[in-house]
Amino acid sequence: SAEATLKYVKETGLSAVELMGGPAEAYAGKPENKVDFTGYRELRRKKQKETLTDAEKSKLEVIEAGMNAHKEEVAQWRATVSMDKFVELRKMFNDAGVRIYAFKPDALREHHTDEEIGWAMRAAKALGASHVTVELPNNPAQSQRLGDLGEKHNMYVAYHGHTQQTPTWWDNALAQSKYNAINIDLGHYIAAGNTDAIEFIQKNHERILSMHIKDRKNKINGQKNMLWGEGD
């Protein structure tokens with residue numbers, strides 16, 4: 001919950017957060033997903049390798065139908081929900097000495113409608129965030145779309161990456177729109193085999209809106225997450 005998240009943030013001594021969509025949307029009254037997912041992953045994996053029984057097919061169809069119905073319900077909720085609860089949530093965090101600098105909702109992907117993406121950006125603004133974050137899409141048309149919608153709603157989109165990050169990985173998105181930006185993960189960046197994160201930061205600092213920082217071994221040394229000071 002948003003309240004539990006804030007409690008943990010305060011206990012950790014943090015003064016600012018990149019808030020995930022789940023706690024914020026639950027606080028604002030997002031429809032609950034009541035689909036029973038028992039066995040779903042196993043059925044999906046089995047379907048890729050062999051033929052399902054009629055009973056398994058039926059179960060998988062029921063689960064997926066429920067998922068689709070819930071997605072539509074959420075899309076309708078996002079299209080009509082007031083921003084008042086997000087403003088209230090912002091005040092609750094701010095009063096506790098915590099600023100919400102970025103918002104990462106599950107509403108910025110290709111299958112989401114322009115209305116849902118617009119909702120995400122308005123909610124981010126209501127929360128006090130300067131940008132939304134999302135993994136950089138493989139399809140350049142999607143980063144162009146997000147950049148255009150960012151301009152429309154005056155909200156920056158900072159793209160996150162994992163071990164596919166390279167010094168030029170963001171270049172196309174950055175060229176597409178001034179509202180496209182960087183949310184670099186320094187641990188993943190080093191684990192990907194890149195050698196100098198400081199050089200990347202110095203070169204791109206004007207387009208980096210936030211960072212994830214951790215210490216990892218590089219590609220040659222096994223890529224493990226390490227205690228601070230023990231990685232590469």
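The model shown is predicted, which means the values in this text are computed figures rather than measured ones.
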> Is it true that E73 and K34 make a salt bridge, defined as a side-chain N closer than 4.0 Å to a carboxylate O?
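No salt bridge links E73 with K34.
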
> Is there a side-chain contact between S143 and Y159 in this structure, where contact means two heavy atoms from C-beta onward sitting under 4.5 Å apart?
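Yes - at least one pair of side-chain heavy atoms lies under 4.5 Å apart.
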
> Within the side chain of H70, is there an N or O that forms a donor-acceptor pair under 3.5 Å with the backbone of A65?
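The answer is no, because no donor-acceptor pair under 3.5 Å joins these two groups.
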
> Check this for me: does any side-chain nitrogen of one of R78 and E116 sit under 4.0 Å from a carboxylate oxygen of the other?
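Counted as a salt bridge, because a side-chain N and a carboxylate O are separated by less than 4.0 Å.
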
> Any luck finding a side-chain donor-acceptor pair between T133 and N183 under 3.5 Å?
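Checked: T133/N183 side chains show no N/O donor-acceptor pair below 3.5 Å.
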
> For D95, look at atom CG and say whether over 12 heavy atoms of other residues, nucleotides or ligands are found less than 6.0 Å away.
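Yes, because the 6.0 Å sphere around CG of D95 holds more than 12 heavy atoms from other groups.
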
> Report the C-alpha separation of E230 and R216 in whole Å, then their side-chain angles, then the decisive distance to 0.1 Å, and conclude whether the salt bridge (charged side-chain N to carboxylate O under 4.0 Å, His left out) test is met.
CA-CA 8 Å; E230 295 182 11; R216 288 186 67 177; over 6 Å; no

> Which atoms form the tightest heavy-atom contact between G21 and F103, and what is the distance?
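Minimum heavy-atom separation between G21 and F103: CA-CE1, 3.6 Å.
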
> Under a single-linkage definition using a 4.5 Å side-chain heavy-atom cutoff for Ile, Leu, Val, Met, Phe, Trp and Tyr, are I184 and V157 assigned to the same hydrophobic cluster?
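Cluster IDs for I184 and V157 match.
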
> For L60 and L52, what are the C-alpha separation, side-chain angles and deciding distance, and is it a side chain to side chain contact (heavy atoms under 4.5 Å, CB included)?
CA-CA 9 Å; L60 186 59; L52 300 179; 3.9 Å; yes

> Do any N or O atoms from the side chain of S177 and from the backbone of A173 form a donor-acceptor pair under 3.5 angstrom?
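A pair under 3.5 Å: no.
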
> Nearest 0.5 Å, what's the CD1-CG distance between I220 and D232?
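Going from CD1 on I220 over to CG on D232, the span is 9.0 Å.
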
> Within the structure provided, determine whether E135 and K104 are in side-chain contact (heavy-atom separation under 4.5 Å).
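In short, these two side chains touch, coming nearer than 4.5 Å.
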
> For N68 and E64, indicate whether the former's side chain and the latter's backbone hold a donor-acceptor pair under 3.5 Å.
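Here the side-chain-to-backbone pair exists.
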
> Salt-bridge test for E11 and K7: reply yes if a basic N is under 4.0 Å from a carboxylate O, no otherwise.
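Result for this pair is yes, salt bridge flagged.
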
> Please determine whether residues L174 and I201 belong to a single hydrophobic cluster, defined as Ile, Leu, Val, Met, Phe, Trp and Tyr linked transitively by side-chain heavy-atom distances below 4.5 Å.
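In one cluster: yes.
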
> May I ask you to decide if the ring planes of H188 and H160 are parallel, tilted or perpendicular, using 30° and 60° as cut-offs?
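Perpendicular: the ring planes of H188 and H160 meet at over 60°.
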
> Are M121 and Y101 linked, directly or through intermediate hydrophobic residues, by side-chain heavy-atom contacts shorter than 4.5 Å (ILVMFWY only)?
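No, it is not one cluster - the side chains of Y101 and M121 are not joined through contacts under 4.5 Å.
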
> Roughly how far apart are H112 NE2 and L149 CG, rounded to 0.5 Å?
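It comes to 13.0 Å.
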
> Is there a side-chain contact between D114 and R145 (heavy atoms, below 4.5 Å)?
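They are in contact (side-chain heavy atoms under 4.5 Å apart), so the answer is yes.
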
> Say you draw a straight line from CD of Q165 to CD1 of I182; how long is it, rounded to the nearest 0.5 Å?
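CD1 of I182 is found 9.5 Å from CD of Q165.
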
> Looking at K30 and P23, would you say the former's side chain and the latter's main chain have a donor-acceptor pair under 3.5 Å?
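No; judged by distance alone, with no hydrogens or angles, the pair does not exist.
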
> With a cut-off of 6.0 Å (strictly less than), are more than 12 heavy atoms of other residues, nucleotides or ligands near NZ of K217?
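Enclosed.
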
> Backbone N or O of G229 within a donor-acceptor pair of the D215 side chain at under 3.5 Å?
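A pair under 3.5 Å: yes.
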
> Which pair of non-hydrogen atoms, one from P31 and one from W77, has the smallest distance, and what is that distance?
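Smallest heavy-atom distance, with atoms named: CD-CG, 3.5 Å.
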
> Any side-chain to backbone donor/acceptor pair from R109 onto V134? Under 3.5 Å, distance only.
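Between the backbone of V134 and the side chain of R109 there is no qualifying donor-acceptor contact (under 3.5 Å).
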
> Could you see if W169 belongs to whatever hydrophobic cluster contains I213? Use Ile, Leu, Val, Met, Phe, Trp, Tyr and a side-chain cutoff under 4.5 Å.
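Linked, W169 and I213 end up in one cluster.
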
> How are the rings of W119 and F86 set to each other: parallel, tilted or perpendicular (split at 30° and 60°)?
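Because their plane-to-plane angle is over 60°, the rings of W119 and F86 count as perpendicular.
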
> Does W228 share a hydrophobic cluster with M211, counting links as ILVMFWY side-chain heavy atoms below 4.5 Å and allowing steps through other members?
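W228 clusters together with M211.
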
> Have Y179 and D148 got a donor and an acceptor in their side chains that come within less than 3.5 Å?
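Y179 vs D148: no donor-acceptor pair found between side chains.
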
> Between K57 and K47, is there a side-chain heavy-atom distance shorter than 4.5 Å?
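No, too far: nothing below the 4.5 Å cut-off.
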
> Could you tell me the separation between the CZ atom of R99 and the CG atom of L127, rounded to the nearest 0.5 Å?
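R99 atom CZ to L127 atom CG measures 12.5 Å (nearest 0.5 Å).
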
> Keeping the roles fixed (side chain from D196, backbone from I198), state whether a donor-acceptor pair exists under 3.5 Å.
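Confirmed, D196 side chain pairs with I198 backbone.
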
> Output, in order, the C-alpha distance, side-chain angles, deciding distance and verdict of side chain to side chain contact (heavy atoms under 4.5 Å, CB included) for K91 and N94.
CA-CA 5 Å; K91 185 177 186 303; N94 290 173; 5.6 Å; no

> Within the side chain of T12, is there an N or O that forms a donor-acceptor pair under 3.5 Å with the backbone of L14?
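No; judged by distance alone, with no hydrogens or angles, the pair does not exist.
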
> Does some side-chain heavy atom of L186 sit less than 4.5 Å from a side-chain heavy atom of H212?
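They are not in contact (no side-chain heavy atoms under 4.5 Å apart), so the answer is no.
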
> If only side-chain N and O atoms count, and only distance matters, is there a donor-acceptor pair under 3.5 Å linking Q48 with R45?
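Checked: R45/Q48 side chains show no N/O donor-acceptor pair below 3.5 Å.
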
> Testing the basics here: between N194 and Y189, what is the closest heavy-atom pair and its distance to 0.1 Å?
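So the minimum-distance heavy-atom pair works out to ND2-O, 2.8 Å.
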
> For the backbone of N139 and the side chain of E110, can you confirm whether one donor and one acceptor N or O come within less than 3.5 Å of each other?
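Absent.
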
> Can you name the closest pair of heavy atoms from F93 and T5 and give their distance?
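Looks like CZ-CG2, 4.5 Å.
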
> Do the side chains of E151 and K178 get close enough for a salt bridge, i.e. N-O under 4.0 angstrom?
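A salt bridge is absent here (no side-chain N lies under 4.0 Å from a carboxylate O).
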
> Looking at K85 and E88, is there a salt bridge between them, counting it only when a charged N and a carboxylate O are closer than 4.0 Å?
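Looking at K85 together with E88, the answer is yes, because their closest N to O distance falls below 4.0 Å.
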
> Quick check against the 3.5 Å criterion: does N218 have a side-chain atom that pairs as donor or acceptor with the backbone of I190?
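It does not hold such a pair.
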
> Hey, mind stepping through D84 and V87 against side chain to side chain contact (heavy atoms under 4.5 Å, CB included) and telling me if it holds?
CA-CA 5 Å; D84 290 350; V87 173; 5.5 Å; no

> From T195 OG1 over to K219 NZ, what is the distance, rounded to the nearest 0.5 angstrom?
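Going from the OG1 atom of T195 to the NZ atom of K219 covers 13.0 Å.
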
> Can you name the closest pair of heavy atoms from V132 and M155 and give their distance?
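Smallest heavy-atom distance, with atoms named: N-SD, 4.0 Å.
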
> What about the rings of F200 and W170, do their centers lie closer together than 6.0 Å?
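When the ring centroids of F200 and W170 are compared, they turn out to be within the sub-6.0 Å range.
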
> State the CD-OG1 distance between Q76 and T113, to the nearest 0.5 angstrom.
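That separation rounds to 10.5 Å.
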
> Over all heavy atoms of both residues, which pair between K10 and A96 is shortest? Give the atoms and the distance, please.
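Heavy atoms only, the tightest pair is CD-CB, 3.8 Å.
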
> Should the pair K214-D185 be classified as a salt bridge under the 4.0 Å nitrogen-to-oxygen rule?
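Salt bridge: yes.
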
> Should Q144 and N180 be marked as a side chain to side chain contact (heavy atoms under 4.5 Å, CB included) after you check the CA-CA gap, both sets of side-chain angles, and the distance that decides it?
CA-CA 8 Å; Q144 180 69 69; N180 283 340; over 6 Å; no

> Within a 6.0 Å radius of atom CZ on F37, are there more than 12 heavy atoms belonging to other residues, nucleotides or ligands?
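Counting other residues, nucleotides and ligands, CZ of F37 exceeds 12 neighbours.
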
